[in-house]
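The structure appears below as structure tokens.
Proteins come first, then strands; the chains are lettered A, B, ... in the order of their sequence lines, and each starts at number 1. Only a predicted model underlies this, so the values are computations on that prediction, with no experimental measurement involved.
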Amino acid sequence: MDGGISGQLALIIDPNVSFAQLPKWMRTAKALVQTRPSQAVRDIQQALFSILPPGASKPFLGRQSEQAEFAEALATNKPSLFVITGLEGIGRRTYLERSCLDSLGLHLGPFFLVDDTHAIEDVFLNLLEETADIGSRIGSRFTIPCARCKRPTQGSIRSVAHSLS
Amino acid sequence: MLEDLGEYKEIFVGLIDEFLAADEDHYLAFIHRRKPALRHLPHEWAVLSQPIPPLSLNDTKLLLGQLFRRDGIATTATVVDEIAPIIGGYPPAALYTATYSKAYGVNCMILDKSILADFKSRNFSRFLADLRLSDPEWIVLQYLSSEGAVPLAAVGVALGSGSDTTVPIVRSLIDRSLVLVFNENYALSPPIREAVERAKGRLSAKDYNRIADGLTKLFWAQDDVAPSLQVIDATLHAVARSDNPSLDKYADLVRPSTIHRLAIECYHHKQWESALEYAKRVEAMDPRRREAWAIHFKALVQLERWPEAESVLQSIEAKRDRIAYYLKGFMLRRHNKHGDACRAFESALRTGDKANAVYRDYADSLYRLGNFEKAAAMVRVVLNRDPENIFILDLQARVYLDCGDDNNAEDVIRLLDRYDLAKRFVHHRKAALLSQRGLWDLALIEADAACKTGLSPFEAFAQRANILIENGRLEEAKSAIDEMEKTFRSKKGIRYGLSCKLLLREGRWRESRTVWDKIEDKDTRVHRSILLRIYAAMAQDSSLSLTQRADAQRHADQLQNELKDFKDTGLVLRP
């Protein structure tokens, strides 16, 4: 670690492992317990973006009036559902990303695409995959109601997919 | 997520309601193309709705300046001032302007602003063609154009390469803003997706055999560990597109949305039987999906299974869904009952069903009824929404050609030349235009090119035979007609029409009349016009008695009178 590496990010994916159990060389790193794969990816991306040189990230221009409206609405109505509309490619997600960061101090969380073929079950499955931890891909870690019989169903993503099919 | 009138579907209203009632420090965001109606939401006050408009001119200039600097392109404020207004505040247009300028120089772009106009109207086919992508880069784009978002390893499987080869290719596509990264997955940027499909089509079943095998080996090694949803979808999709589309092995993972997507794809690829099977499976899994009803019905119509189609239509009508009007028109159009079809399409539009398909099929029926003006108006509605849709551009070219408006036809064919990268229609229509102008040698060159694309419809082959007849190359014309008989057995009408014309040119009106008698649809103007020529030939035949010749002349005059309202362009070939 003497070769000039200026920062490290350690992700602890097993909740039974404590910071003290990390190898000595890793204890100087920023360490996060993160058992959700998608969130872990976002943590890595955010860490990488934070060390990008100025100007290397996506350009973001204009939208001052929309951002002002966003901030004002947060201060007055305290909305918790944002509905952003516009042409594909016009910069809707970039705008939301920037507004949430500037006004709420939040990075965008999990997101997924919903097209004409998707139903509510697909949204739940995507949410489940985003929020389920690494172990759930193997073991039985969560319970959701079966779409057919409405009884609680336990199991992995494979069995949940079955209950929805 | 939205109903036809823009309201959230009930189940999503429930989800939103539950979320908003929770009063926690959590936020939910929906990003839509269309502004949803929010009035009916129980907690409307807790919703912030914001439209994101195109960038202002000044912001566009700043964005262009930044992008040019980022890509190391030397430019001046004057150049930026000249380009910015054409971009229309659409950020991808600015992005692709910088990419294009990097490849060809900014001066090249200034001299030919048509590419900028393409960007402004969100047309990216020519841009892709001009980028001169490598074969592996095209494979990645073709694969991603059929997928949602897939992990890098799946892209590697599609490419048949390891990560050391895949990563530089994907990175180069990301650098050119063609591929986007969604979390840990890769997808095509929305404006590019359709352009790729239009340019190169999709991967073959053989490619999907390889991809299905590769994904199964890579991600499905452990029985008790399911891969991510993206990999599940990519695998099921690859299996379904392969030569052995059995999903039994993955039965416990099949979701209605996966099958629904396959039904849509098969329908678009004219695999009617498969589309029908998938649509039926979707309906069995989730009877609420009205789009699946439509595919079910349309596949039956395409298969000409009329009683079943009518029964499905009745069940849709019983549900009082407005889609029934369009579907009824769709079936009537296939029955060549274009007047009735037009009435059904008008009803669909009156109920607020303003889908492109309604306008497109309505335009086609109007065209076939000879109502060119109204057909052109309907075509314009679709083109305003989807300016590089080659199917609708082709229809527009047909409309102009048939109403004798050569100048407008030429303009539309020029657009086809730009967007029809696979040359599915453009050579065929150029041949038609040149035929109309009597330039038979040039028309034959285009007709030959049309037949060689492997994508052209029957009409392209028929047109080539017609040009050969007009050009006096009768032996070649005969071979072309014989060849058509082998390849397009069901298209008897036009083939008989061409044979009649050929026999007339050979001076054999008797044989021509025998063939004409076999034509089923004798009332079309093309076939009436051929009959006129047969009578005209009879009237000139000195081997006939004077009474027979006078009788033939009388018939010819009668037909001439009947056809005088039509513009006779030799043999008008309608698809």
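Between the side chain of A/Arg63 and the backbone N or O of B/Pro53 there is at least one donor-acceptor pair closer than 3.5 Å.
Proximity to chain A is limited to the side chain of B/Arg289, based on heavy atoms less than 4.5 angstrom apart. If you measure heavy-atom distances from B/Leu95 to chain A, you find no contacts under 4.5 Å at all. Heavy atoms of B/Leu67 lying under 4.5 Å from chain A belong exclusively to its side chain. For A/Leu96, the part lying under 4.5 angstrom from a heavy atom of chain B is the side chain only. With a 4.5 angstrom heavy-atom cutoff, A/Ile44 does not touch chain B via any of its atoms. Interface remark: B/Ser49 contributes backbone and side-chain atoms alike to the contact with chain A (heavy atom separation under 4.5 Å). For B/Gln50, the parts lying near chain A are the backbone and the side chain together; criterion is any non-hydrogen pair under 4.5 Å.
B/Lys61 contributes atom NZ, which lies 13.5 Å from atom CG of A/Leu61 (distance to the nearest 0.5 angstrom). To the nearest 0.5 angstrom, B/Ile52 atom CD1 is 10.0 Å from A/Thr94 atom OG1. With rounding to the nearest 0.5 Å, the separation of CG in A/Leu106 from OH in B/Tyr27 is 6.5 Å. Separation of atoms CD1 (A/Ile84) and NZ (B/Lys35) is listed at 11.0 Å; rounding is to 0.5 Å. To the nearest 0.5 Å, atom CE of residue B/Met1 and atom NE2 of residue A/His118 are 12.0 Å apart.
The 12-atom threshold is exceeded at CD of A/Gln21, counting heavy atoms of other residues, nucleotides or ligands nearer than 6.0 Å.
Put simply, the side chain of B/Pro36 reaches to within 4.5 Å of the side chain of A/Thr85, judged on heavy atoms.
Note: B/Leu48 leads B/Ile259, B/Leu48, B/Asp59, B/Leu15 in heavy-atom pairs under 4.5 Å with chain A. For the set B/Leu63, B/Thr60, B/Val282, B/Asp286, the entry with the most heavy-atom pairs within less than 4.5 Å of chain A is B/Leu63.
Here the closest non-hydrogen pair linking A/Ile90 and B/Pro54 is CD1-CA, 3.7 Å. Here the closest non-hydrogen pair linking B/His32 and A/Arg92 is O-NH1, 2.9 Å.
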